[in-house]
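FYI, the numbering just counts along the sequence from 1.
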Amino acid sequence: MSIFKRKEQEAPVEENVKEINSVTLGERIAEGRKKCGYTQEAFAELLDVTPQAVSKWENDVSCPDIQLLPKISQILGVSVDELLTGRKPTGTELPKVETVIDTSKLKFVIRVEKPEQKPVVVSFPFTAAKRFAKMGNGIAGVMGNGTLSGEQLDEIINLVENGATGEVFKVESNDDTVVRFVIE
């Protein structure tokens, strides 16, 4: 028999802690996505995943890859800790949140203008340009002669994702042909 008497203590449980623990990661993602005004498709595009993946997360069928958590929390304007646990930051300082640009409605436009001829315009969704960049040769292969390299395309994508739009650059030839690359 021990000389120490064991005192049973019940730890006080706050009401909001019970409430937080009953909300799943998927529910927090869905709620945050809706608060930010994103459809599953737009949210998926920002994360470069399929809308089905987002649906599976929100229905708690699967969880996002751990490497996506910082970007998800950035888009939703919460810390990774808050995303995972539902607990608000305890410090006086809120996490710094960068603005995420929705590129799903942007277009990449290539405009070829020759003197006294009607311009030739090629337009495709900006999201396609991102996919081309991942394929390696991307638009550089489409344009031929390395007019636009994969590295340059990656740089353009980065600029656009940080809010840049308009004429990205233009190429002028000796015969007064002008090729403009525009994000609109």
Side-chain angles (χ1 to χ4, degrees), residues 29-58 62 64-80 83 94-184:
I29 291 172
E31 181 183 331
R33 173 185 61 76
K34 290 172 187 172
K35 268 187 188 173
C36 292
Y38 292 114
T39 63
Q40 284 185 340
E41 291 78 15
F43 190 63
E45 187 63 42
L46 290 171
L47 295 167
D48 202 25
V49 298
T50 65
Q52 292 82 3
V54 173
S55 177
K56 286 181 180 180
W57 303 340
E58 292 182 356
S62 66
D65 185 279
I66 193 166
Q67 293 177 330
L68 285 174
L69 294 178
K71 190 161 186 178
I72 293 170
S73 66
Q74 177 187 30
I75 292 167
L76 300 181
V78 298
S79 68
V80 173
L83 178 66
L94 293 174
K96 185 178 178 182
V97 178
E98 294 179 29
T99 304
V100 177
I101 306 298
D102 181 7
T103 59
S104 65
K105 292 180 177 70
L106 294 177
K107 292 187 289 186
F108 194 91
V109 179
I110 303 169
R111 184 179 178 91
V112 181
E113 302 166 351
K114 290 189 174 199
E116 301 185 29
Q117 290 185 9
K118 187 176 179 181
V120 176
V121 179
V122 179
S123 174
F124 50 94
F126 179 73
T127 53
K130 287 172 55 174
R131 302 246 188 259
F132 286 148
K134 287 184 180 182
M135 290 173 16
N137 238 359
I139 295 175
V142 174
M143 294 301 295
N145 299 330
T147 305
L148 182 60
S149 73
E151 289 171 356
Q152 289 168 322
L153 183 58
D154 287 341
E155 194 171 317
I156 290 168
I157 289 169
N158 187 38
L159 286 170
V160 172
E161 288 178 335
N162 286 297
T165 57
E167 187 173 287
V168 180
F169 65 93
K170 73 178 180 180
V171 179
E172 296 180 36
S173 68
N174 291 340
D175 68 350
D176 293 328
T177 299
V178 177
V179 181
R180 298 177 193 277
F181 296 84
V182 181
I183 303 295
E184 53 184 41

Undergrad: Are Leu83 and Leu76 side-chain neighbours, meaning at least one heavy-atom pair lies under 4.5 Å?
TA: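 With C-beta onward as the side chain, the pair touches.
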Undergrad: Ion pair present between Glu31 and Arg33, side-chain N to carboxylate O less than 4.0 angstrom?
TA: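 Answer for the salt bridge query: no.
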Undergrad: Which residues pass the side-chain hydrogen bond (donor to acceptor under 3.5 Å, both in side chains) test with Asp175, not counting sequence neighbours?
TA: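 For Asp175 the side-chain hydrogen bond (donor to acceptor under 3.5 Å, both in side chains) partners, ignoring immediate neighbours, are Ser173, Thr177.
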Undergrad: Measure the shortest side-chain to side-chain distance between Val109 and Val122 over non-hydrogen atoms and say whether it is less than 4.5 angstrom.
TA: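 Not in contact.
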Undergrad: To the nearest 0.5 Å, what is the distance between CD on Gln52 and OG on Ser62?
TA: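 Rounded to the nearest 0.5 Å, the CD-OG separation comes to 11.5 Å.
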Undergrad: List the atom pairs, with distances to 0.1 Å, where a side-chain N or O of residues 114-121 and a protein N or O form a donor-acceptor pair under 3.5 Å, not counting sequence neighbours.
TA:
none

Undergrad: Measuring from Leu106:CG to Phe124:CZ, what's the distance to the nearest 0.5 Å?
TA: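 The CZ atom of Phe124 is 12.5 Å from CG of Leu106, to the nearest 0.5 Å.
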Undergrad: List for me each residue that meets side-chain contact (heavy atoms from CB on, under 4.5 Å) alongside Pro70, sequence neighbours excluded, and say none if there are none.
TA: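 For Pro70, no residue satisfies side-chain contact (heavy atoms from CB on, under 4.5 Å) once neighbours in sequence are set aside.
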Undergrad: Hey, what do you get for OG1 (Thr39) to CD (Glu45), rounding to the nearest 0.5 Å?
TA: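 Here the interatomic distance stands at 10.0 Å.
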Undergrad: Less than 4.5 Å apart, any side-chain heavy atom of Ile72 and any of Pro64?
TA: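 Answer yes - side chains close enough.
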Undergrad: At their closest point, which heavy atom of Ser55 faces which heavy atom of Gln40, and how far apart are they?
TA: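 Closest approach of Ser55 to Gln40: CA-NE2, 3.7 Å.
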Undergrad: Parallel, tilted or perpendicular: which describes the rings of Phe43 and Tyr38, with under 30° parallel and over 60° perpendicular?
TA: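 Answer is tilted, since the angle falls between 30° and 60°.
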Undergrad: Quick one: CG on Leu69 to CD on Gln74, what's the gap to the nearest 0.5 Å?
TA: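 CD of Gln74 is found 12.5 Å from CG of Leu69.
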Undergrad: Hey, is the main chain of Leu46 close enough, under 3.5 Å, to the side chain of Lys71 for a donor-acceptor pair?
TA: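 Judged by distance alone, yes, a pair lies under 3.5 Å.
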Undergrad: To the nearest 0.5 Å, how far apart are CG in Leu68 and OG in Ser73?
TA: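 Rounded to the nearest 0.5 Å, the CG-OG separation comes to 10.5 Å.
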Undergrad: What closest approach, in Å, do Lys107 and Ser123 show between heavy atoms, and which atom pair accounts for it?
TA: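 Minimum heavy-atom contact is CD-OG, 3.5 Å.
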Undergrad: Can you tell me how far CZ of Arg180 sits from CD of Glu172, rounded to the nearest 0.5 angstrom?
TA: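 The CZ atom of Arg180 is 7.5 Å from CD of Glu172, to the nearest 0.5 Å.
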Undergrad: If you compare all heavy atoms of Pro51 against all heavy atoms of Ala44, which two are closest, and at what distance to 0.1 Å?
TA: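 Heavy atoms of Pro51 and Ala44 come nearest at N-CB, 3.6 Å.
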